[in-house]
A.B. asks: 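Let me begin by handing over the structure; questions about it come next.
Heads up: numbering here begins at 1 and tracks the sequence.
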Amino acid sequence: MPGREHVAEMLSGAGYGNAKTLHQLAFCYRDGADVIQDWHEAAHLFRLETNEGDARAQFSLALCYHLGDGVEPNIREAMRLLRLAADQGHNRAQLWLAKCFDWGEGVEKDMHEAARLFQLAADQGNDDAQYELAVCYATGNGVEHDMHEATRLYRLAADQGNEFAQFNLGWCYHHGNGVQRDVREAVRLYRLAAEQGNDNAQVNLGVCYKNGYGVQKDEHEAVRLYRLAALRKNAGAQFNLALCYLDGEGVDENKLEAERLLRMAANQEHHRAALDAQSVLDVLQTRDQ
């Protein structure tokens, strides 16, 4: 990041017509780095670069229009700029545009086009695109269903530290989906994702510790992991932690805390754990009558 003296030099006009200088200065204004943050000035500078055909600036200005940062929100202009940058091979623009086609935001939903763009960005090593394309292959959305290709792409992204790919690949190894079943490898991948704060990985790693799957059984570690995920409002974690409190496994038995956690899980609609939690609550209430 440029220091104050470098920013002052750029502001004085030295090299002001230089694309690299403009780009650095735009990011200084965007991030408030050594200058007062000014999204309007950042957008203005991105626009100057865009007029010169700079793909990085086209992408940055597209995000400004998409999110309404420094300019009035304009999804059509955002899409136009994303296309310009994507056509020049800017992998983050390809990824963002692919997600727009995936969500049907600013364009008509088109998973085939989304998958094509994910592929272009994935081929450049973009780990988010590798993950998204893997999901497409795993679900057969926009491409032919192919779990072997899905796991190959998950692995590429996981090796770059992508927590979602690490979790999904861990799940594949846990269940032998697209790869030979290997619970120890699943535990390793769950742990990598869990250490990055992935709550689903924390839950699955907790299940492994609770039952001794691919790791030495440790109910206290399971409770610790469930608690981390429960703090992130993960219904599965809330449900599993509640059962630990009910049975006194890895933690002192505490029916009141169990019921509190079950209610939290039950209140999360559209989650399987919510139904399980409500079922347990109904049983407990029947016993108390």
A.B. asks: Inspect the surroundings of CG in N51 and state if more than 12 heavy atoms from other residues, nucleotides or ligands are less than 6.0 Å away.
C.D. replies: yes
A.B. asks: Mind checking whether N200 and N234 have side chains closer than 4.5 Å, heavy atoms only?
C.D. replies: yes
A.B. asks: Tell me the ring-ring contact (aromatic ring centres under 6.0 Å, His included) pairs involving residues 69-91, sequence neighbours left out?
C.D. replies: F59-H90
A.B. asks: Between side-chain atoms of residues 109-117 and protein atoms elsewhere (two or more places apart, or another chain), which donor-acceptor pairs fall under 3.5 Å?
C.D. replies:
from, atom 1, to, atom 2, distance (Å)
K109, NZ, D102, O, 2.3
D110, OD1, H112, N, 3.1
D110, OD1, E113, N, 3.1
H112, ND1, G142, O, 3.1
E113, OE1, R116, NE, 3.0
E113, OE2, R116, NE, 3.4
E113, OE2, R116, NH2, 2.7

A.B. asks: Counting only heavy atoms not in H175, do more than 12 sit closer than 6.0 Å to its NE2 atom?
C.D. replies: yes
A.B. asks: Give a yes or no on whether the ring-centroid distance for F118 and Y131 is below 6.0 angstrom.
C.D. replies: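 No, the ring of F118 stays outside the 6.0 Å limit from the ring of Y131, centre to centre.
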A.B. asks: Please list, chain by chain and in numerical order, all residues satisfying side-chain hydrogen bond (donor to acceptor under 3.5 Å, both in side chains) with Y65, sequence neighbours excluded.
C.D. replies: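 Only R47 meet the side-chain hydrogen bond (donor to acceptor under 3.5 Å, both in side chains) criterion with Y65.
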A.B. asks: Taking only residues two or more places apart in sequence, or in another chain, which ones meet H145 in a ring pair (Phe, Tyr, Trp, His ring centres under 6.0 Å)?
C.D. replies: none
A.B. asks: Surrounding CZ of F164 (heavy atoms of other residues, nucleotides or ligands, distance under 6.0 Å), is the total greater than 12?
C.D. replies: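 No.
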A.B. asks: In the single-linkage hydrophobic clustering (I, L, V, M, F, W, Y; side-chain heavy atoms under 4.5 Å), do L82 and L84 co-cluster?
C.D. replies: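 As far as the 4.5 Å side-chain criterion goes, L84 and L82 are not connected within one cluster.
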A.B. asks: Listing request: all side-chain hydrogen bond (donor to acceptor under 3.5 Å, both in side chains) pairs with a residue in residues 71-88, at least two apart in sequence or in separate chains.
C.D. replies: Q58-Q88, E77-R80
A.B. asks: Going by the angle between their ring planes, with limits at 30° and 60°, are H66 and W96 parallel, tilted or perpendicular?
C.D. replies: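 Perpendicular.
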A.B. asks: Any chance you could lay out the side-chain contact (heavy atoms from CB on, under 4.5 Å) test for L169 and T151, step after step, and finish with the verdict?
C.D. replies: CA-CA 6 Å; L169 185 58; T151 54; 4.1 Å; yes
A.B. asks: Test of understanding: with ring pair (Phe, Tyr, Trp, His ring centres under 6.0 Å), list the residues that count as partners of F167, not counting sequence neighbours.
C.D. replies: Y190
A.B. asks: Taking the side chain as C-beta and beyond, is there a heavy-atom pair between R30 and C64 under 4.5 Å?
C.D. replies: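 Side-chain contact under 4.5 Å: no.
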